[in-house]
Amino acid sequence: MHFLLLHSPLVTPLTWAALTQHLRTQGSTSSTVAMDHDAAPEMPLYAHHLNQIQAVTNTLETAQVIVVAHSGAGSLAALLNPADFAGFIFIDAIFPLAANSRFTLFDEPDAVRSWRKLAEQHSGHIPRTWLAALAEQIDDPRLRSNFIAELTDAPIALYEETIPIHAQWPPANGLYVQWTQSYAGDAGRAAASGFAVRKEPTTHFNMLNQPQAVAGTLLDFARDQEPRT
């Protein structure tokens, strides 16, 4: 089984750096999609990111692929055709059931107002200096430093734009792992859609703190998807 790893568009592929090492140790392969904000002016950011995801999937030589989405990447996973993948894992991620902006699905209205006010003060962007506070959740000093170094200003349009879902969404089965209370509503929508839900209170970037345990969660789900003989 191959894992397709999608990071939040607010941050970078470093989200998955520690976890991929443990997947390799266990004999599994993975691809991390690197997403940026360099869309053409007439192109929605979600469409640009979908193109980047598809560019990676087009290179995969196996049909047995599990999509793993974290945080805001959940909205991008819902753009994919479930029939093309062996399964979906959402980790503390937005879980849409209809076309919506990411902000529409926020559980915390105060956070939305705060983000919008911040963007008004920074030419429509969430500044990298503000995003750097996310790194406080990362235990390893080297990873924390690298995480901050890779950040860029993120356009608020990421969270304002309406993002559609695939006509066949949601898939018949999947796993939702809720780490923080901010994603309680998403976990509820996932459960109502037939996803298994695991609630494991921890930090939003726990894959960088406990990569071996998170890799184990992915591998356990993958084993359940393998054809029975």
Side-chain angles (χ1 to χ4, degrees), residues 2-39 45-46 48-53 55-57 59-60 65-77 89-94 102 111 114-115 118-119 122-159 177-180 182-183 200-219:
H2 187 88
F3 295 97
L4 182 70
L5 307 174
L6 309 181
H7 65 84
S8 165
L10 285 180
V11 294
T12 75
L14 188 137
T15 297
W16 301 111
L19 180 138
T20 56
Q21 297 175 20
H22 288 281
L23 292 176
R24 281 195 298 271
T25 300
Q26 296 295 321
S28 290
T29 58
S30 64
S31 299
T32 302
V33 180
M35 289 177 274
D36 56 44
H37 312 314
D38 300 329
L45 285 163
Y46 75 80
H48 173 62
H49 293 149
L50 179 60
N51 286 343
Q52 293 178 314
I53 294 169
V56 174
T57 59
T59 69
L60 300 181
V65 178
I66 292 175
V67 178
V68 184
H70 177 244
S71 195
S75 294
L76 302 173
I89 302 174
F90 280 56
I91 300 181
D92 230 26
I94 292 174
R102 291 181 172 100
S114 176
W115 285 35
L118 188 65
H122 293 87
S123 303
H125 287 74
I126 303 296
R128 65 178 300 276
T129 51
W130 185 89
L131 293 171
L134 298 172
E136 295 173 2
Q137 303 174 52
I138 302 171
D139 296 337
D140 185 285
R142 180 185 58 83
L143 283 174
R144 190 185 315 127
S145 177
N146 291 342
F147 181 94
I148 294 171
E150 293 185 1
L151 292 172
T152 61
D153 294 350
I156 196 69
L158 285 167
Y159 281 74
V177 183
Q178 182 193 344
W179 284 343
T180 63
S182 295
Y183 290 87
E200 303 172 350
T202 185
T203 62
H204 189 53
F205 286 92
N206 192 48
M207 71 283 283
L208 288 168
N209 295 333
Q210 300 186 55
Q212 184 172 4
V214 179
T217 296
L218 270 57
L219 292 166

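Residue numbers start at 1 and run along the sequence shown. Here the structure is a predicted model, which means the values were calculated and not measured.
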Taking all non-hydrogen atoms of both residues into account, name the closest pair between [X] and [Y] and its distance.
X	Y	answer
A69	A93	O-CB, 3.5 Å
L158	R102	O-NH1, 2.7 Å
N206	T202	OD1-OG1, 3.2 Å
A215	H22	CB-CB, 3.9 Å
A77	F90	CB-CZ, 3.7 Å
L151	T12	N-CG2, 4.4 Å

Does a side-chain heavy-atom distance below 4.5 Å link L219 with L23?
yes
Are V68 and L4 close enough that some pair of their side-chain heavy atoms sits under 4.5 Å apart?
no
Given 3.5 Å as the limit, does a donor-acceptor pair link the side chain of [X] with the main chain of [Y], or not?
X	Y	answer
D92	T180	yes
D153	R128	yes
S145	R142	no
H48	H37	no
H49	D36	yes
R144	D139	yes
H204	H70	no

Measuring from [X]:[atom1] to [Y]:[atom2], what's the distance to the nearest 0.5 Å?
X	Y	atom1	atom2	answer
F147	L134	CZ	CG	5.0 Å
T152	L131	OG1	CG	8.0 Å
D140	L208	CG	CG	8.5 Å
L50	L45	CG	CG	12.5 Å
I91	E200	CD1	CD	9.0 Å
L6	I53	CG	CD1	4.5 Å

Only counting residues at least two apart or in another chain, list the ones meeting side-chain contact (heavy atoms from CB on, under 4.5 Å) with A17.
L14
Above 12 or not: heavy atoms from other molecules or residues under 6.0 Å from CD of E150?
yes
Quick one: side chains of residues 24-34, donor-acceptor pairs under 3.5 Å with protein atoms, not counting sequence neighbours, listed by atom name and distance.
unit_1, atom_1, unit_2, atom_2, d
T25, OG1, Q21, O, 3.0
T29, OG1, H2, ND1, 2.6
S31, OG, H2, NE2, 2.7

Exactly one of W179, F205, Y183 should register a side chain to side chain contact (heavy atoms under 4.5 Å, CB included) with S71. Which one does?
Y183
